[in-house]
Amino acid sequence: MIVDLSVPVVNGMPVYPGDPEVEIAPALTVAAEGVNVLGLHLGSQSGTHVDAPYHIDDALPTLDALPLERFLGPAAVLDVRGLPPRAPITPAMLGTVAARLGPGTVLLVATGWDEHWDTPGYLSHPYLEAETARRIVASGVRTVGVDALSVDPTPAPADLPAHRVLCGAHAVIAENLRNLGPLLEAQAAGRPIEVSLLPLRLHAADGSPVRAVARIGRPSANALS
């Protein structure tokens, strides 16, 4: 089963405060030119997207300098749904998925905040404490996704603590994911989950919109026993 984890890209969609607005309009039409072609104006951090380490530091790797393996792999899903607005995600909360973490694992953090997409409340999402980010990096994980606007609070502290820890370890951050509930159900049932967050091949970029998807497999023999 394939699960779409991406928000739709449409005119006027929510963007991080200060980022370019999304504008989509016909550039060519069948009626006038014989083909339909859209003109797109959007930022590299629009919609469901990935951050490269370069996003927060000119000295860190750009998007095209990262190995493709950083954008896909087996997923572990952390359930922190039910947290109040602007609540920290603490290191202790990692305990439920700690055994699943390691090199090559994609950690997805399910806050449930995708339910607030396109509302003022979307800015009040939970966020990763810096120490939580450090624990994630120490586990060997180098890909972290969240169903919220950012891994840091919005508005963020000037030093972007969670971003700085993750990006400093050359990790990829995926933001504005959605629909992580089915993945939590699959994980509880012992079904393997593979996630793809492959970006556009943009040269020297800080990030890119992605079509994030998950493939849910059959339960393992151990899960059935």
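Quick caveat: nothing in here was measured; it's all calculated off a predicted structure.
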Heavy-atom pair with the smallest gap, counting every atom of [X] and [Y]:
X: Pro219; Y: Ala189; answer: CB-O, 4.0 Å
X: Pro199; Y: Val210; answer: CA-CG1, 3.7 Å
X: Trp117; Y: Pro14; answer: CZ2-CD, 3.4 Å
X: Pro61; Y: Ala52; answer: O-CB, 3.9 Å
X: Glu131; Y: Pro91; answer: CG-CG, 3.6 Å
X: Pro103; Y: Ser139; answer: CD-O, 3.8 Å

Can you find a heavy atom in the side chain of [X] that is under 4.5 Å from one in the side chain of [Y]?
X: Ile136; Y: Leu94; answer: yes
X: Thr48; Y: Arg178; answer: no
X: Leu63; Y: Val50; answer: yes
X: Val3; Y: Leu183; answer: yes
X: Asn176; Y: Ser6; answer: no
X: His41; Y: Pro20; answer: yes
X: Val146; Y: Trp113; answer: no
X: Glu129; Y: Ile89; answer: no

Exercise for review: Apply the test side-chain contact (heavy atoms from CB on, under 4.5 Å) to residues Asn36 and Leu28: give CA-CA distance (whole Å), side-chain angles for both, the deciding distance (0.1 Å), then the verdict.
Suggested key: CA-CA 5 Å; Asn36 287 318; Leu28 305 174; over 6 Å; no
Return the [atom1] to [atom2] distance between [X] and [Y], rounded to the nearest 0.5 Å.
X: His116; Y: Leu149; atom1: NE2; atom2: CG; result: 13.0 Å
X: Arg81; Y: Leu180; atom1: CZ; atom2: CG; result: 9.0 Å
X: Leu108; Y: Leu197; atom1: CG; atom2: CG; result: 7.0 Å
X: Met93; Y: Leu83; atom1: CE; atom2: CG; result: 4.5 Å
X: Thr29; Y: Leu38; atom1: OG1; atom2: CG; result: 11.0 Å

[X] side chain vs [Y] backbone, donor-acceptor pair below 3.5 Å:
X: Ser208; Y: Leu200; value: yes
X: Asp114; Y: Asp147; value: no
X: Asp51; Y: Gly207; value: no
X: Ser44; Y: Asp206; value: no
X: Ser150; Y: Pro153; value: no
X: Asp152; Y: His163; value: yes
X: Arg142; Y: Arg70; value: no
X: Asn11; Y: Ile24; value: yes

Point to revise | Trace of the side-chain contact (heavy atoms from CB on, under 4.5 Å) decision for Val22 with Val15 | key: CA-CA 8 Å; Val22 174; Val15 296; 4.1 Å; yes
Joint cluster assignment, [X] & [Y], ILVMFWY side-chain distance < 4.5 Å:
X: Val80; Y: Leu101; answer: yes
X: Val141; Y: Val165; answer: yes
X: Val172; Y: Leu60; answer: no
X: Phe71; Y: Ile193; answer: yes
X: Val144; Y: Leu78; answer: yes

**Study point:** CA sep, side-chain torsions, deciding dist, call: Val9, Ser46, side-chain contact (heavy atoms from CB on, under 4.5 Å)
**Key:** CA-CA 8 Å; Val9 179; Ser46 297; over 6 Å; no
Revision key, fill the gap. Only residue of Met1, Glu194, Glu185, Gln187 satisfying side chain to side chain contact (heavy atoms under 4.5 Å, CB included) with Ile216 is Met1
Practice item. Show the numbers, then the answer: is there a side chain to side chain donor-acceptor pair (under 3.5 Å) between His125 and Thr154? Key: CA-CA 8 Å; His125 56 86; Thr154 304; 2.7 Å; yes
Check whether more than 12 heavy atoms from other residues, nucleotides or ligands sit under 6.0 Å from atom [atom1] of [X], and answer yes or no.
X: Arg86; atom1: CZ; value: yes
X: Glu115; atom1: CD; value: no
X: Arg164; atom1: CZ; value: yes

Exercise for review: Determine, step by step, whether Val77 and Arg100 satisfy the side-chain contact (heavy atoms from CB on, under 4.5 Å) criterion, reporting the C-alpha distance in whole Å, the side-chain angles of both residues, the deciding distance to 0.1 Å, and the verdict.
Suggested key: CA-CA 9 Å; Val77 193; Arg100 300 176 182 270; over 6 Å; no
**Study point:** side chain to side chain donor-acceptor pair (under 3.5 Å) assessment of Thr62 paired with Asp64
**Key:** CA-CA 6 Å; Thr62 57; Asp64 53 343; 2.7 Å; yes
